[in-house]
Amino acid sequence: MPESTHYGILAEFKSPETLVEAAKRARARGYRELDAFTPFPVHELDDVLRLRDRRVLWFGLIGGAVGFAIALAMQMFTNFDYPINVGGRPLYPFSAFAVVAFELTVLFGALFPAVGMLAINGLPRLNYPVFAASRFHLASKDRFFLCIKAHDPRFDPSQTRRFMQTLGAESVELVPA
Amino acid sequence: MTQIFSPAADTWIRLFLAGGAAVICVGTAAVIAFARSDYYTGARIHPPPQPVPFSHQHHVGGLGIDCRYCHSSVAEGPRAGLPPTHTCMTCHSQIWTNAPMLAPVRRSLADNASLTWQRVARLPEYVYFRHDIHIAKGVGCETCHGRIDRMALTYQAVPLTMEFCLDCHRDPAPRLRPRDRVTEMGWKPSEATASGQELVRQYGVRVGELTYCYVCHR
Amino acid sequence: MKRQNSQTFDAAEARRLLARGGGRRFWASLEELIDQDGFRGWLEAEFPSAAAVLTEPGRREILKLMGASFLLAGLGGCGETRSDLALPYVDQPEEIVPGMPRFYATAVPLDGCVQPVLATIHAGRPTKLDGNPEHPVTRGASDPFTQAAVLQLYDPDRSQAPLRDGLPATWSAFQDELIAMRRDWAARQGEGLRILSGDITSPTLIRQLRQLLSEFPSAKLHLFEPIGSALRPEAARLAFGREMDFHYRLENCDALVSLGDDALGPGPRQVLHARGWSQRRGESTPGQGRVTMHVAESVPSLTGTVASTRLICDASQLAVLAQALAAELGVAAAPAESLGESEHRWMTSAATDLREHRGRSLLAIGAHLPPPIQALAPLVNDRLGNSGATVWYGEPVRFSPSGASSLADLVRDISAGAVDTLIVLDSNPAYAAPGELAFSDVLPRVRERIHLGLYRDETAHLCRWHLPLAHPLESWGDGRAVDGSACIIQPLLAPLYGGRTAPQFLAMLLGAVDPPAEDAVRETWANAFGGDFDVRWRRSLHDGFVADSALQPIAVTPRPVDIPPRPPRGSDHVDVVFAPDPSVWDGRFANVAWLQELPKPLTKLTWDNVIAVSAKMAEQMQLANGDMIEVAVGDRRVAGAAWIMPGQARNTVALSLGYGRSAAGKIADGLGYSAYSVRSNSDGWLAVGSLRRVGGRQPLATTQMHHRTDGFDFVREVSADHPSLPQETHPQPNLYPPWPYPREAWGMAIDLDLCIGCNACISACTAENNIAVVGKEQVAMGREMQWLRVDRYHTGDIDDPRFYFQPVPCMHCEKAPCEMGCPVHATVHSPDGINQMVYNRCIGTRTCSSYCPYKVRRFNWFDYRAPADSPTHAAHNPDVTVRSRGVMEKCTYCTQRIQAARVAADKDGRDIREGEVVTACQQACPTTAIVFGNLNDPESAVAKRRRSGRHFVLLEELGTRPRTTYLARWNDAPKKDSS
Amino acid sequence: MSLTAEESEHILPPGQSLGDVTDQLARIPLHFPTRRRWLIALALSSLLLLLFFVAVTVLFTRGVGVWGLDIPVNWAFAIHNYVWWLGIGHAGTLISALLLLMGRDWRNSLNRFAETMTLFAVVCAGVYPILHLGRPWFVYWMFPYPATMQVWPQFRSPLEWDIWAVLTYLTVSVIFWYIGLVPDLAAARDRARRPGWQTFFGVLSLGWRGSAIHWMRWQQAYRLIAALAVPLVVSVHSEVSLLFAASQIPGWHSTIFPPYFVLGAAFSGFAVVSMIAIAIRSLFHLQNLVTDDHLDILGKVLLATGLMTAYGYVFEVFDAFYSGGVHEVQTVSDRFFGAYAWSYWGAVVFNFIFLQALWWRGVRRTPWALFLIASSVAIGMWLERYMILVTSLYRDFLVSSWGSYTPSFWDWATYLGTLGLFMVPFLLVIRVFPVISIFETKEVLHDERKEASRA
């Protein structure tokens, strides 16, 4: 049958430990297109699933730089555009500009990663195959799900399902695309 | 658990977010633009109703009467001054003596009561503009009042915003002309005439000192 | 023809419109009028003065202006100005340049004398008065009363139409009745006809009164001035056997000894004396000898505050002191009483100085001291050869006919039923008569009571006829300045309300019908000038006074006087002294808001008068400021708020006149207490009374709560042994590079040695800069708006402190803390170094004021502008924005004047000349304490002062680099007193 | 602050399953437990809010003169409460961000409502700079936009800095709060049964599904923002202090001000957090999640920040005398003995005297006692801000311009009004959103269970 009809197979575990264990074995089995759904971050997964993505941090760095630049440009331009003697202070008192510069650095430094994170995660995404899974609501409660995606080369509905059961999953479910 | 949202929902929410962002940006731009529009500045919009449909086009463009004939105090004082009824009557006691159009003028003279004109070029009360100094430094009437000689009915020619004033106060040179040309309409500089820079020097225009607040505000 | 018009024209309606008063509505109504047929005819009938003015070239525009240009004149920023309307003249006079002020010389009366002024006219409305620079008395300087006259002109509370038995009537109606009255007077030779007036110096009025009295021989003139020249006339009579005026020449005076004579205090002579004194004191700095001043007084006065030695003794003791001094100088017998130790020391040193400076010294004795005592002064001055040098005697400036009698006589005659017609000429006896006379009780017994006055005051309420007097600024008239020179009073605009001038009124009494205002005055001077009338008349109008009309000194030798023994005084009694109020004088200015809000020089009180007691007295009675106390003189008593006055004599209580009005107007009614009620007829200046605490407190509004400056160096002093202050040699280091001021660098230098705290500067600033009046409650909250304040400090023992005055305008700091605090560039610096305040950019964060170390900024907490329809808007200077709610304001160095000079200079392509820009405060200052100019010009007066050894900067340690700086006061107190 | 003691032993009582916690917390919005008490609270706060609107209407129609202000004291209640509110608004982010970075697990039970408190405290603070303007309708002039006036804001002004600081702080706080909230919204969504709630939480949770890679990126963002928020908190109140320190007014012109203000802010903030913690835990019966240990720690933090603030007091006085400036010394003596000495000594008593009770463990663990002390600190800090403003302004340099200040009825009305402005939205938020971070609590529970099993 065409893969497109499936999203993948979801296996439910009781604890992060069992999930991580299962994930390891799945990778050992050669599955690569894995994902996990957990009620709270489980750090071990990052290594097991070989998750690597530093873009969010870069967003932060860029944002900070942008904010700083904007602030400085804005303050210098306003004084360049209409130069006025204010209390005998210089036109470009960087000591005074530093404050707003810092603020905007922080502002953009925070805005960029926040928005960026959602963007890369493809959020908002209200409708998603896994939501259709019968026990998936437990993923935000106390259950830990491992998912082998359908487009994994070694994915085969029946085999993979059988394999999953061997991992000691509470339940295994085939998620339609 | 079942899907709460249909796939369409995603499209909608993204549209909503994009739309919101767009509205904010466009809205801001629109406000900034509106502040400069004729609707807001009152420039070039239809002339206000006047007791007498006075035509500068006819008197200036047609008859070639000099601005100072009627606006006599423009070079002496802050205000250019509107012509007293007598000035109108110097001619109109001879010509068009009983044109219905001029009835208000005649009545004004008879009753010794002022004609009530609607101001065309209006500045806020906290702006202290002086005509005399501008004339003395060679700023043409046209610069702020436009081609008055082409106005059948007088309207505000330029947006009298602070921006408008500052443009010239920051860089007067391009807008200066020889003193004897200030009332000339459609005057263009030529090789013959002194350049703006020369005029700045000649008339001692204090470039750079014209943008501080007390020049116009008190 | 015109009469016909006036038939078709509803005069009553017109009068109602006019009388309605009130800002644009008012002017608008005038406009409507102009459109109405027959207005001019009616005008001829009702306002001959205005009509006369109309026909006179040069003033033709006035009425039209009133109708039209008030709209144009941009009552700058006051509410929704009709800036959308433009009303040109019908017929524009040549010399008019719209938007440019014009100046006319005229005069405003004070106590019968007149103050020569130069009036600034914007679009036909007077907006500012200043001393007439041509006139020897003022030389351009002025005092608060002069400054405030222009606001009184527009006072909506001024009476606006004739009243008969309190009901609106017309002048014609009055004149109709007058015909009958005149027939009656004629029949009885004027028997029973009495005229009551204040002091008169007007040649025209004098001429008319003489005429009246000759027409009705049995009629009588009564003169009554609550303050006037006090007891001087009697003193003169004692000394010279005739009435004479004493004139001081303080500019010649090296040693001045004053016994309760407040020569520099408020009054008609203040400007003259202050100028003379400051001239001598100013010169003396280079070293033509110091002016030594010995002042003995019971209540601190402006003269006392600048004295070298100040002796504090009870009012009644002054007489003894004077006697002793005279005896010391060998012109009188020694007094029965002996002097105290300090009194004796003061007396001898005073005598020494008087002797040492023969011919250049002056003994001045207060005009309110007993006449025999005053009469000692001419003797002493004569003996010392001062007569003619520092003091001279002249014909009385005030009208004092042999036949004239007093208010007391009038009361007696009324009670005797001898009076059946009383005409009150611009006088308010019902309020100001000594309580002893109970004038208001007897007045109703007169059958025919006619009152002519600016306000429907206490007297007007008791009269059958009240007739509105035209304000001096809208009148034709004349009068004499204190030096006797005759000034012509010419109208600056047609009467706003239905007023007539005093000469007009007298002309009516003399039988004229609707006499034009100008005629009587013209007639007077036609007689005086004779042949070349036109030339001299025009010249006098232009100058504001008649050339060389000043009085000449008369050589007289004083006669010795014998001094009656002083009546014994009970120990539990106190001396009660009466003094004119520095803000409202005798009460005539009570309804002028500017003056009410003017902080009184020595107390900084506004909107009230108080009963000043000495610190010792307060201690003994456990009084605090504001506690209600009662003063009893004989069986008359008055209660007021107590005020502890440092440096006041222990057993002296000071009452100030002019308050406690019941019918002065909305502004003044119900403020303070009336000291007149306890005033006696025999001696209105010093009484023996007792003091009693009554329950309750009265809230008082002061602009300065703390006065002790010990430990701070805000005001500095130099003295003979330390003639100069440590001067800053190199500028303080600053983190920031200095800003260049290539062209002008405006600056102000205030000489504390010359400041007498007279408040002329504050009131001039108020008038020039449209400063709002906020009322007693707001002042009490600390929200007064005056841009310029005169701080009063004292140091040392509270019973004998040393007083200081320090005018504090904006410092215009080069490193201004305020500017750096403003988030919207609403206060920034100009290339000529002015700390600009841009009202229309201000959003009211008040950061500038919080950061200002001098607290010179003022904030519009509410909308302090007068209601849109108030005529007082007409007093506004159109060149200065009227500030709206929620914006900060402060001293601008009169930037509108700088800009005007700037434009004038630029038009001729030159630089601004030294002296071309004069700030309002500088212009008004009678002592040249304030000097303003360009610091970049080493020859400018301000630059010179900056180089003086007495130069210092207020709060210099803050490094704000102020442009306003000070010269230290010279402490010339003898060693033993100086601490 | 050494909390190692708490670390070793469990902050949360053992034996709670992840499921129970999820249900317990998600149930609060979905099946609101204490309707009556909540409604009463809401009604009272709404009254205060109404008062606020009345006061503001009067203020805007009649002018800022309705307040007791004058020259010299032309800043008082408005600025004073602005500083006070902003100070309170600081604890939220501090607790949440700083302790997150320091890996202090106990913050997980507190951060959610602490952050919420921050949001609305900052809102209350934020309205004051607008209210106190003479012409509030021109407030937009403080922002740089291409005006036809061509005049720009003045960036040397501490007020201008403040606008940016406060707005940045507000924005960052909102982001931080929301990012942290998303997973819980998802949890609530999955618990919700009614379509209304499902859509509500569904949309707000943006379709969060707890995918591992999402969690990783989420954590990077969350921790990064936290790392930025901490210096932000410090900077914001430092700038607020510059509002005063940048002037030359004696009693303001001092280098101690920035740290002094920041510590004071944290102090008042923690005080209010403790009050809210105690209130919420009793309102929603969350003793199992906001435990006595939490109160104990809060008490200690309060004590610590309090003592640091006290140091500020001492140093300020030392500073004045050390400078020897005659006006500085004058101001200090005015604070001690002047007309407004009550505000100084009041601040000392309410801030530091009662505080000393927190040395006793028993007191710290007694909710009502801690609550009382915390409220006394809130009052004390309010008095301190009053003292800093009024006692400095009412007598500055020139003796002649010395004045006085008395708050008017409308001063008080506006201030009490802002309490409503704070309470109403706060109550609404705890009504519809999980008041305690669900997933972070579960994380702690799980970690502790692991430790337990290891031990």
Side-chain angles (χ1 to χ4, degrees), chain B residues 48 50 70-89 105 107-120 122-137 162 202-206 208-218, chain C residues 31 34-37 39-40 63-64 67-69 71-72 74-78 81 83-93 96-100 743 825-832 834 836-841 879-882 892 895-896 898-900 902-904 906-910:
Chain B
Q50 301 288 10
C70 300
H71 306 289
S72 49
S73 60
V74 71
E76 285 71 48
R79 281 196 248 104
L82 285 157
T85 315
H86 272 258
T87 311
C88 312
M89 292 315 266
V105 183
R107 202 179 315 115
S108 153
L109 188 74
D111 307 351
N112 187 14
S114 301
L115 283 160
T116 306
W117 299 96
Q118 294 284 331
R119 283 193 176 285
V120 172
R122 283 159 60 188
L123 293 172
E125 78 277 2
Y126 48 73
V127 177
Y128 290 83
F129 176 84
R130 291 187 66 115
H131 278 93
D132 53 357
I133 188 67
H134 290 84
I135 298 295
K137 299 296 173 186
M162 183 164 167
Q202 211 174 318
Y203 297 159
V205 179
R206 295 175 293 112
E209 283 179 45
L210 301 176
T211 54
Y212 68 91
C213 316
Y214 274 174
V215 172
C216 311
H217 303 298
R218 285 159 215 167
Chain C
E31 237 187 301
I34 295 169
D35 300 340
Q36 298 191 29
D37 294 324
F39 172 72
R40 291 184 63 81
L63 191 83
K64 282 166 264 155
S69 297
L71 302 174
L72 281 181
L75 305 180
C78 60
T81 316
S83 63
D84 54 335
L85 290 188
L87 285 79
Y89 298 104
V90 174
D91 175 9
Q92 178 171 348
I96 299 266
V97 178
M100 296 286 258
R743 201 172 293 261
H825 277 125
T827 182
V828 295
H829 238 64
S830 76
D832 45 13
I834 289 181
Q836 307 171 113
M837 178 68 227
V838 192
Y839 314 121
N840 45 301
R841 176 66 179 176
D879 291 334
V880 177
T881 307
V882 178
T892 65
T895 185
Q896 65 279 12
I898 298 176
Q899 292 306 325
R902 169 92 277 158
V903 168
D906 278 2
K907 278 165 80 176
D908 331 352
R910 55 172 174 83

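Quick note on labels: first sequence line is chain A, next is B, and so on, each numbered from 1.
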Worksheet item: Counting heavy-atom pairs under 4.5 Å to chain C, which of B:Glu209, B:His217, B:Arg206 comes out on top?
Response: B:Arg206

Worksheet entry | Which of B:Ala136, B:Pro78, B:Gly77 touches chain C most, by non-hydrogen pairs under 4.5 Å |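 With the most close heavy-atom pairs to chain C, the winner is B:Pro78.
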
Given heavy-atom pairs under 4.5 angstrom as the criterion, report whether the side chain, backbone, both or neither of [X] touches chain B.
| X | result |
| --- | --- |
| C:Arg743 | side chain |
| C:Val903 | both |
| C:Ile898 | neither |

Practice prompt. Measure B:Ala75 against the heavy atoms of chain C and call it side chain, backbone, both or neither at under 4.5 Å.
Written response: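 Only the backbone of B:Ala75 comes within 4.5 Å of chain C.
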
Worksheet item: Non-hydrogen atoms of chain C under 4.5 Å away: do they reach the side chain of B:Pro124, the backbone, both or neither?
Response: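 Neither the backbone nor the side chain of B:Pro124 comes within 4.5 Å of chain C.
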
Item to complete: With rounding to the nearest 0.5 Å, note down the distance linking OH in B:Tyr214 to CG in C:Asp832.
Response: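 The CG atom of C:Asp832 is 10.5 Å from OH of B:Tyr214, to the nearest 0.5 Å.
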
Item to complete: Indicate the atoms forming the closest heavy-atom contact of C:Met100 with B:Arg130, along with that distance.
Response: SD-NH2, 3.7 Å

Worksheet entry | Closest approach of B:Tyr128 to C:Val880 (non-hydrogen atoms, all atoms of both residues) | OH-C, 3.1 Å

Worksheet item: Do you know which of C:Val828, C:Asp906, C:Val838 has the most heavy-atom pairs with chain B at a distance under 4.5 angstrom?
Response: C:Asp906

Worksheet item: Considering the options C:Gln899, C:Met837, C:Gln836, which one meets the side chain to side chain contact (heavy atoms under 4.5 Å, CB included) requirement together with B:Arg218?
Response: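 Result: among C:Gln899, C:Met837, C:Gln836, C:Gln899 is the only option passing the side chain to side chain contact (heavy atoms under 4.5 Å, CB included) with B:Arg218.
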
